[in-house]
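Below is one structure; the comments refer to it alone.
Every heavy atom of this structure was used, including side-chain atoms; hydrogens, water molecules and symmetry mates were not. Everything numeric in this text was worked out from a predicted model, so none of it was measured.
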Amino acid sequence: MNAWNARTGWGLLLLLGLVFPLLTDNDYHLTVMSSAYIFALATLGLNLITGYTGQFNLAHAGFMAIGAYTVGIFTVDHQWPFWVAFCLSGLVPVVLGLPIGLLSLRLKGHFFAIFTMCVGYILFLGIEKWESLTHGAVGIIGIPVPEALPTPFGDVSFDSPRALYYLVLGFLTLGLWVMHRIVGSLLGRTFVAIRNGDDLAESLGINLMRNKLLAFLLSVFYAGTAGGLYAGFVRFLSPDLAGVERTFDMTMYMLIGGAGTLLGPLLGALGVPWLAQYMQFLQDYRFIVFGPLLIVLVIFLPDGIVGWLRGRWLRRRSLQPVSDVAKEPGQTSNTPVLKGERHA
């Protein structure tokens, strides 16, 4: 029944995503939602390495920028087709992330976070200063939109905000499904064991470095793929995408929604940008506004909104009578058994 309810809930969310363009005739709303989907995809990767594995990667935005610049450089400077360059947007960050992960994952706790923050700043400086490759502070302009894809019903083009919206929604749905398969598998439980303690994980025979590195590379693959989508959607890139502020934004999405959950990063990445849209008069002071809000949430809702709701649901469920299927032999329907009770 729980699995059925979960599938129903995700199905309703997908249905809402599909009908959203039909509920608004404002292209700006589609643009805001599409951008939120892209950062939700990137936040899923950050949640895997931080929420599930317990390693706080502050260079996450840098890897997202690498994926975006991969698409921008190959399509604008070398005239590659968008989809060919996009296929590399997730692989290039993985290749660059491999030596970085081998070095950084030898550190633990805040030492790892500090190291990756320095890596993120180096990536930002490299993008900003390497003008012959990245165009420097000027950025990359004129990135082409994704080419039309052939389908049995004809070619599907992506030259409108609505078409791009559905494209991004499709990738987010695929990313959520893959992440669901990962965290629900033995590999996902291995990541959680590492998060709960290195010594405990080693006592269970878990290879810490190999699994930490795998989680790190999967997370940067998500970041790079989101960056590739971002490049094709925005069609302009600047070094600001690699700034640590972007990582803090994604961290805020993850913490508000609930780290270590699938729904949490999605909820945070969709809710916070819309809240910011209605508070644009405070745009220059957004960290002053969201900073105290985040502190309050961490103090009173340390598991995020989704974690808090799940905890309440589990507490209520523990007090409910056992269903007829779970009744002990000889028990009648008028004598419910609560969890923790036993017959003499």
Side-chain angles (χ1 to χ4, degrees), residues 6-45 47 64 67-68 71-72 75 81-83 85-87 89-90 142-180 222-223 225-237 241 246 249-250 252-254 256-257 262-280 283 305-306:
R7 285 193 294 268
T8 302
W10 285 109
L12 290 175
L13 286 177
L14 177 59
L15 181 62
L16 286 174
L18 291 173
V19 303
F20 178 78
L22 306 178
L23 303 178
T24 178
D25 55 357
N26 191 330
D27 288 345
Y28 179 72
H29 291 163
L30 296 179
T31 300
V32 172
M33 187 61 84
S34 299
S35 179
Y37 287 163
I38 292 172
F39 279 95
L41 183 62
T43 307
L44 284 175
N47 186 47
M64 182 179 178
V71 172
T75 55
F82 174 86
W83 291 113
F86 178 75
C87 290
S89 66
I143 299 172
V145 297
E147 295 93 354
L149 291 177
T151 68
F153 306 101
D155 292 347
V156 177
S157 62
F158 303 101
D159 54 358
S160 67
R162 179 170 295 188
L164 284 172
Y165 170 89
Y166 282 118
L167 175 66
V168 174
L169 176 62
F171 274 99
L172 176 61
T173 303
L174 178 61
L176 279 167
W177 180 79
V178 172
M179 188 62 69
H180 170 72
Y222 266 76
T225 302
L229 284 174
Y230 181 87
F233 177 73
V234 178
R235 304 182 63 192
F236 166 75
L237 296 175
L241 180 61
R246 294 285 191 173
D249 285 341
M250 289 184 276
M252 179 170 61
Y253 302 155
M254 179 183 63
I256 289 177
L262 274 179
L263 183 59
L266 181 64
L267 179 64
L270 299 186
V272 174
W274 279 103
L275 179 62
Q277 289 300 313
Y278 291 100
M279 300 174 61
Q280 287 189 356
Q283 184 65 25
I305 296 174
V306 173

Inset, instruction - Could you tell me whether D25 atom CG has more than 12 heavy atoms of other residues or ligands within 6.0 Å of it? - result: no
Legend entry - Student check: side-chain heavy atoms of L169 and F20 closer than 4.5 Å: no
Inset, instruction - Find out whether I38 and F171 are in side-chain contact, i.e. whether some heavy atom of one side chain is under 4.5 Å from a heavy atom of the other. - result: no
Inset, instruction - Keeping the roles fixed (side chain from R235, backbone from G142), state whether a donor-acceptor pair exists under 3.5 Å. - result: no
Inset, instruction - Ignoring hydrogens and angles, tell me if any N or O in the side chain of T43 forms a donor-acceptor pair with the backbone of F39 under 3.5 Å. - result: yes
Inset, instruction - Without swapping roles, check the side chain of Y222 against the backbone of L41 for a donor-acceptor pair under 3.5 Å. - result: no
Inset, instruction - Locate the shortest heavy-atom distance separating L237 from L241; write the atom from each residue and the value. - result: CD2-CD2, 4.3 Å
Inset, instruction - List the atom of G268, the atom of P273, and the distance in Å for their closest heavy-atom pair. - result: O-CD, 3.8 Å
Inset, instruction - Would you check if P146 and L164 make a side-chain contact, meaning some heavy-atom pair closer than 4.5 Å? - result: yes
Inset, instruction - Take the angle between the ring planes of Y37 and Y165 and call it parallel below 30°, perpendicular above 60°, tilted in between. - result: tilted
Inset, instruction - Of all the heavy-atom pairs spanning A40 and L266, show the shortest one and how long it is. - result: CB-CD1, 4.1 Å
Legend entry - Heavy-atom side-chain contact between L270 and M33 under 4.5 Å: yes
Legend entry - Distance-minimising heavy-atom pair for M252 and V272: CE-CG1, 3.9 Å
Inset, instruction - Compare all side-chain heavy atoms of N47 with those of Y253 and state whether any distance is below 4.5 angstrom. - result: no
Legend entry - A231 to A68 - nearest heavy-atom pair and separation: CB-O, 3.6 Å
Inset, instruction - Kindly assign one of parallel, tilted or perpendicular to the pair F86 and F82, based on the angle between their ring planes and the thresholds 30° and 60°. - result: parallel
Inset, instruction - To the nearest 0.5 Å, tell me how far M254 CE sits from L44 CG. - result: 11.0 Å
Legend entry - Working for side-chain contact (heavy atoms from CB on, under 4.5 Å), residues L229 and L172: CA-CA 10 Å; L229 284 174; L172 176 61; over 6 Å; no
Inset, instruction - Compare every heavy atom of R246 with every heavy atom of Y230, then report the nearest pair and how far apart it is. - result: OH-NH2, 4.0 Å
